[in-house]
Number of protein chains: 2
Amino acid sequence: MNIPCNSCQARKSPLCSVFTDLEIEDLFQLAHIRRIKTGAYLLHEEDPVRQVYNVSSGALALERLASNGAKQIMAFCYAGDFIGIASGPSYSVSARALKPLTACQWQEADLQSLYKKHPKLETRVHDITSRVVEAIMDQLFVLGRKKATEKIAWFLLFIETRQANARGYTSAHKSRSFKMPMTRVDIADYLGLTVETVSRAFSQLNSKGMIEITDKWTITIKDRAALTALGDYTSPVPGRKG
Amino acid sequence: MNIPCNSCQARKSPLCSVFTDLEIEDLFQLAHIRRIKTGAYLLHEEDPVRQVYNVSSGALALERLASNGAKQIMAFCYAGDFIGIASGPSYSVSARALKPLTACQWQEADLQSLYKKHPKLETRVHDITSRVVEAIMDQLFVLGRKKATEKIAWFLLFIETRQANARGYTSAHKSRSFKMPMTRVDIADYLGLTVETVSRAFSQLNSKGMIEITDKWTITIKDRAALTALGDYTSPVPGRKG
DNA sequence: CGCCTACTTGAGTCGAGTCAAGAACCGTGG
DNA sequence: CCACGGTTCTTGACTCGACTCAAGTAGGCG
């Protein structure tokens with residue numbers, strides 16, 4: 001049978017990569033492909049948990065809104081990221097598309113039977129959850145203990161490797177400059193800052209020669225050592241627990 | 001057989017409560033009881049993941065240290081909390097005892113065979129991980145988007161319900177005043193503030209009549225409505241996903 | 001009783017937020 | 001092709017909240 005999985009950007013993602021071409025047909029049979037345009041929401045925080053998703057292409061922001069209107073972005077998601085697992089009755093975050101998005105959608109109810117048939121799926125889903133914990137803890141540290149420019153330095157290195165990985169699922173291409181899908185406001189809402197502060201920090205890193213801003217979405221890291229020192233960034237260990 | 005589980009504070013915790021008295025013997029057979037005194041570490045962030053723990057009594061802070069000496073506390077743990085699951089080769093947080101601690105320790109290697117024998121254990125462990133994600137997201141929101149006094153107001157309500165739950169595993173006793181195990185420094189390191197700011201916020205809430213500080217560990221909530229409004233605190237939904 | 005640590009309070013500084021204006025960019029339509 | 005309006009980004013001036021530094025108080029324990 002001919003399924004689009006093998007040309008999918010997420011085929012080598014943590015979720016799909018554990019399955020053979022034959023096995024993944026099982027998953028694909030139950031999946032529905034969702035397409036969302038920029039700015040639209042894939043899901044809302046107060047929605048009951050009925051579907052789960054694996055991003056095929058595009059980018060998302062997982063965010064939460066306060067009653068006073070303040071927004072906090074919890075994560076940025078790329079191709080290969082798995083979304084929708086929650087511990088309560090509702091997703092506790094909303095997922096907003098930063099670029100036109102494609103995602104595989106499964107009914108949460110189907111997940112249980114898929115777990116039965118493919119036990120490694122369950123293991124993998126939970127492994128992904130553990131990784132989420134690590135990632136959010138990193139972010140927690142950054143929000144609580146870093147200054148504005150340090151946050152931005154950390155963020156740039158973080159996003160760069162993050163996107164390199166997402167792209168790496170298909171082809172490992174190495175370049176010093178990269179394009180971000182999120183606006184300055186998004187970055188501010190992710191790091192607990194204001195737009196103005198984010199903008200100033202970008203300008204500062206730019207004038208100090210650590211980065212170069214080609215257009216506002218495209219950043220080149222000129223002095224990685226300095227940026228790493230400033231952001232105290234340690235790239236994630238690829239190792240898995242034994 | 002006579003095992004201490006039935007008099008354990010964690011017997012009704014998310015982990016242990018799913019097992020019958022008979023089943024829990026299986027778990028207890030493989031467990032080793034660890035005792036740690038105040039200020040000592042149960043585990044260090046750079047340690048390889050070989051053991052997992054379920055807290056029986058006492059309290060812990062899960063913390064991470066930066067190279068510059070800054071500390072960020074990721075969570076406070078009480079009786080019934082499960083610790084030690086990681087996605088990488090090392091725990092990425094250290095666990096420091098805030099009070100004399102007792103915990104059940106299992107070898108990580110034994111966990112897999114226990115999962116085999118008791119599938120609901122695995123489900124429950126992963127359910128716990130999902131809850132951790134929710135909890136840290138709440139904290140992220142607070143760190144990123146609240147002011148000092150709002151953080152403290154939120155923290156007090158949070159810790160109060162948190163401890164009421166932990167106590168509730170044994171006996172549901174309802175009181176307006178509660179005793180915290182952590183110092184002002186710990187609170188500061190949890191909320192991304194300094195000790196002085198924490199202290200000032202306590203004084204301010206005290207003088208405004210929202211709380212009463214009996215001794216520095218014992219807090220009484222005098223005006224719950226005002227405190228809730230200030231901290232924008234919404235108590236967690238007990239509901240579970242279907 | 002005295003020491004040590006934890007906490008509180010005050011004074012001054014500085015970083016990030018706020019408010020406001022202007023520049024760059026984007027899509028749309030003439 | 002350019003004019004236009006809206007949005008996003010940048011920059012400046014000012015304010016204020018939280019940090020820093022410093023002193024002093026309160027408990028806990030030998």
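In this text, all values refer to a predicted model and were calculated from it rather than measured experimentally. Convention: sequence-line order gives letters A, B, ...; per-chain numbering from 1.
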**OP:** List in numerical order all residues of residues 59-78 of chain A for which some heavy atom is under 4.0 Å away from an atom belonging to DNA chain D.
**Re:**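 Output list: empty, so none.
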Subject >> Positions of residues 141-149 of chain B (non-hydrogen atom under 4.0 Å from DNA chain D), listed by number >> reply: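 When residues 141-149 of chain B is checked for heavy atoms under 4.0 Å from DNA chain D, the hits, listed by number, are B:Lys147, B:Ala148.
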Listed partners of [X] passing side-chain contact (heavy atoms from CB on, under 4.5 Å), at least two apart:
X: A:Ala229; result: none
X: A:Thr218; result: A:Ser177, A:Lys179, A:Thr214, A:Asp215
X: A:Arg34; result: A:His32, A:Ile36, A:Leu42, A:Tyr53, A:Gln105

Original post:
Can you check the A:Asn206 CG to D:dT11 C1' distance for me, whole Å?
Top reply: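 Nearest whole value for this atom pair: 14 Å.
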**OP:** Could you list where the contact with chain B starts and ends along DNA chain C, reading 5' to 3', using a 4.0 Å heavy-atom cut-off?
**Re:**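 The protein-touched segment is C:dC7 to C:dA11.
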Original post:
How close do A:Ser56 and A:Cys8 get, heavy atom to heavy atom, and via which atoms?
Top reply: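 Residues A:Ser56 and A:Cys8, closest heavy atoms: CB-SG, 3.8 Å.
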All N/O donor-acceptor pairs, side-chain side in residues 142-158 of chain A, below 3.5 Å, sequence neighbours left out:
from	atom 1	to	atom 2	distance (Å)
A:Arg145	NE	B:Lys71	O	2.8
A:Arg145	NH1	B:Leu193	O	3.3
A:Arg145	NH2	B:Ala188	O	3.2
A:Arg145	NH2	B:Asp189	OD1	2.8
A:Arg145	NH2	B:Leu193	O	3.1
A:Lys146	NZ	A:Gly231	O	3.1
A:Glu150	OE1	A:Lys147	N	2.9
A:Lys151	NZ	A:Leu191	O	2.9

Original post:
Over its full length, what angle do the end axes of the helix from C:dC1-D:dG30 to C:dG30-D:dC1 make, each axis taken from five pairs and the result rounded to 10 degrees?
Top reply: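 What I find for the helix from C:dC1-D:dG30 to C:dG30-D:dC1 is an axis angle of 30°.
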**OP:** With sequence neighbours excluded, give me every side-chain hydrogen bond (donor to acceptor under 3.5 Å, both in side chains) pair touching residues 191-204 of chain A.
**Re:**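 Only A:Thr194-A:Thr197 qualify under side-chain hydrogen bond (donor to acceptor under 3.5 Å, both in side chains).
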Original post:
Should B:Asp81 and B:Arg162 be marked as a salt bridge (Lys or Arg N to Asp or Glu O under 4.0 Å) after you check the CA-CA gap, both sets of side-chain angles, and the distance that decides it?
Top reply: CA-CA 11 Å; B:Asp81 285 344; B:Arg162 189 81 182 66; 2.4 Å; yes
Subject >> Partner of A:Arg96 by side chain to side chain contact (heavy atoms under 4.5 Å, CB included), out of A:Leu60, A:Asp186, A:Thr38, A:Leu101 >> reply: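 For A:Arg96, the side chain to side chain contact (heavy atoms under 4.5 Å, CB included) check succeeds only for A:Asp186.
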N/O to N/O distances under 3.5 Å, protein versus nucleotides 7-10 of chain D:
from	atom 1	to	atom 2	distance (Å)
D:dC9	OP1	A:Arg184	N	3.2
D:dC9	OP2	A:Arg184	N	3.2
D:dT10	OP1	A:Arg184	NH2	3.3
D:dT10	OP2	A:Arg184	NE	2.8
D:dT10	OP2	A:Ser199	OG	2.8
D:dT10	O5'	A:Ser199	OG	3.0

**OP:** Name all residues meeting the salt bridge (Lys or Arg N to Asp or Glu O under 4.0 Å) criterion together with B:Arg64; count only those two or more places apart in sequence or in a different chain, and write none if there are none.
**Re:**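 Listed in chain order: A:Asp138.
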Original post:
Does NZ or CZ of A:Arg184 fall inside the cone over A:Phe202's six-membered ring, less than 6.0 Å from its centre and within 45° of the axis?
Top reply: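 Verdict for A:Phe202: a cation-pi partner in A:Arg184.
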Original post:
Is the phosphate of D:dC19, meaning OP1 or OP2, less than 4.0 Å from a side-chain N or O of B:Thr197?
Top reply: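 The answer is yes; a side-chain N or O of B:Thr197 sits under 4.0 Å from OP1 or OP2.
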Subject >> Salt-bridge contact A:Lys208-A:Asp223 (side-chain N to carboxylate O under 4.0 Å) >> reply: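 No salt bridge links A:Lys208 with A:Asp223.
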Subject >> Residue pairs passing the salt bridge (charged side-chain N to carboxylate O under 4.0 Å, His left out) test where at least one lies in residues 50-60 of chain A, sequence neighbours excluded >> reply: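 Listed once each, the pairs would be none.
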Original post:
Quick one: does A:Asp232's side chain get under 4.5 Å of B:Asn68's, heavy atoms only?
Top reply: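 Side chain of A:Asp232 against side chain of B:Asn68, heavy atoms only: no contact under 4.5 Å found.
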Subject >> Heavy-atom side-chain contact between B:Val133 and A:Ser87 under 4.5 Å >> reply: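 The answer is no, as the side chains (C-beta and beyond) never meet within the 4.5 Å cut-off.
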Original post:
Taking the side chain from B:Ser94 and the backbone from B:Glu45, do they hold a donor-acceptor pair closer than 3.5 Å?
Top reply: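 Judged by distance alone, yes, a pair lies under 3.5 Å.
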